[in-house]
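Below you'll find the structure, written out as structure tokens, and then a few comments.
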Protein chains: 2
Amino acid sequence: MSSRKSAQRDLTREMIMDAARDLFIVKGYQHVSMRQIAKELGYSHGAIYYHFTNKAELFYALVQKHFGMLEHKLIELAQATLAPREKLEAILLGYIEFGLNHQSHYEIMFLIKDEEVRDYLNQSPIETYELFAQTVHSLSEKQLSIQEIWSIFLSLHGFVTHYLRHVLQYEDVLDMAKAHVQFLLKGIFQS
Amino acid sequence: MSSRKSAQRDLTREMIMDAARDLFIVKGYQHVSMRQIAKELGYSHGAIYYHFTNKAELFYALVQKHFGMLEHKLIELAQATLAPREKLEAILLGYIEFGLNHQSHYEIMFLIKDEEVRDYLNQSPIETYELFAQTVHSLSEKQLSIQEIWSIFLSLHGFVTHYLRHVLQYEDVLDMAKAHVQFLLKGIFQS
DNA sequence: ACCTCATTTGAACAGTGGTCAAATAATAAT
DNA sequence: ATTATTATTTGACCACTGTTCAAATGAGGT
């Protein structure tokens, strides 16, 4: 009855990921179906399974991209021309900003406990944390121990997690975020 | 064909909640179906809908109980005979212990983002946090501001959230938890 | 014996993720 | 130009989900 699409509109992983990202951001992982994604693209849901083995793998492909984005942002902030203290502030705040401005992705990167999805998570979170830790360590002028950096990370993570659950945007909690960062840095620069 | 159960075994909210709790703890909210709960009880799934309007409401009934448990623990710790500093440590550590020893519960209380479920969440988390904040405030000998207490809470939340995702038990991360608490209290008691 | 009514059943509905034989079309080989 | 091959897409199908609801059930009151 229906005919397959012409060659130039052949379905690609990129196309699927673009459509999926939009839907995931609006509705969240659990509330997006493979059929919805396919419909958005004008294909049948079966076609997606040709390009991705399942929903989790499709989602994880998106996640990997976003870990890359977070790393990019960290590097960018670390290269800014600011005093260490300001740079450190910017990085901690930048982490929160990233988390709240990419809520669906943060959720997948750090929150989804779903076994299906977790099986696809590999080294990405670890690598990204390593970068975070090293950057913070050097900016702290060696005053922060590994353990303290880890505590800072967990504390930022708690902030993001909490407000992400309440679906608030970064702008809505900017003051709170700044105060949280100050709290975490208090004592380090004896300010 | 099948007949309704005899009067003394009439299905109650309590019975349903007990069966549901066990399943939720083992499998998590998303992977427990109403049919599974009903099967566990030897009833048809329709019967549950007579006692709970839907899955989310059933789940929330469980949540309320767990908030009660956490409050109970907080009060208990606050009444211990310890120096303020030690008491404060015990409370922060107690919070982490509760979170990691009741992972499914904590997940329900603070992590589930599902709209269906969230619609049933009312004042419980707020009330429990109020208790936490007041206790910490008085124990800090008025040295902690509202904002700082909130940051401490978020930082503890981050700790629990992270290790909960990796399904580690409290004992496995005890040293880490102690270090995290010390980090958060650093400066407050000028230690 | 009859009635009432809270409780339970199970069929039905619209949706889900995932599978797969069959259909299709672009490309390579003849 | 015709044929064979191969990558891609389709849609019926499966086993499942949460939810609804008319109908059946049976305990308690009269």
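Remember, predicted model here, so these are calculated numbers, not experimental data. Order of the sequence lines fixes the chain letters, A, B, ..., with proteins taken first and strands second; residue numbering starts at 1 for each chain.
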Integer-rounded Å distance: [N] [atom2] and [X] [atom1]:
X	N	atom1	atom2	answer
A:Phe52	C:dT19	CZ	P	15 Å
A:Leu41	D:dT8	CG	C1'	15 Å
B:Lys55	D:dG18	NZ	P	4 Å
A:Lys39	C:dG17	NZ	P	14 Å
B:Tyr43	D:dG26	OH	P	12 Å
B:Tyr29	D:dG18	OH	P	8 Å
A:Asn54	C:dG17	CG	P	11 Å
A:Met34	D:dT10	CE	P	14 Å

Any donor-acceptor N/O pair under 3.5 Å between [N] base and [X] side chain:
X	N	value
A:His45	C:dG17	no
A:Arg35	C:dG15	no
A:His51	D:dT8	no

Just so I know, are the side chains of [X] and [Y] near enough to count as touching, which here means a heavy-atom distance under 4.5 Å?
X	Y	answer
A:Leu11	A:Ile16	yes
A:Leu77	A:Thr135	no
B:Glu130	B:Gln134	yes

query = Can you check whether A:Gln36 has a side-chain N or O nearer than 4.0 Å to OP1 or OP2 of C:dT16?
reply =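 Answer yes for this pair, as a side-chain N or O of A:Gln36 is under 4.0 Å from OP1 or OP2.
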request  = Would you tell me if any nitrogen or oxygen in the side chain of A:Ser44 comes within less than 4.0 Å of OP1 or OP2 on D:dT9?
outcome  =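 Answer no for this pair, as no side-chain N or O of A:Ser44 is under 4.0 Å from OP1 or OP2.
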query = Mapping A:Ser33 and A:Ala47 onto DNA chain C by nearest heavy atom, which one lands closer to the 5' end?
reply =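 On the 5' side of the pair lies A:Ser33.
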query = For the side chain of B:Asp10, counting heavy atoms from C-beta on, which of C:dT8, D:dT17, D:dA7 is nearest?
reply =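 Per side-chain heavy atoms of B:Asp10, the pick is C:dT8.
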key: Side chain of A:Tyr50 (C-beta onward), nearest among C:dG18, D:dT19, D:dT8   =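 That would be D:dT8.
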request  = Answer yes if the side chains of B:Gln147 and B:Ser151 hold a donor-acceptor pair under 3.5 Å, and no otherwise.
outcome  =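 Their side chains do contain a donor-acceptor pair, which is all the 3.5 Å distance test asks for.
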request  = Name the orientation class of the two ring planes belonging to B:His157 and B:Phe153 (parallel below 30°, tilted from 30 to 60°, perpendicular beyond 60°).
outcome  =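 B:His157 vs B:Phe153 ring planes: parallel.
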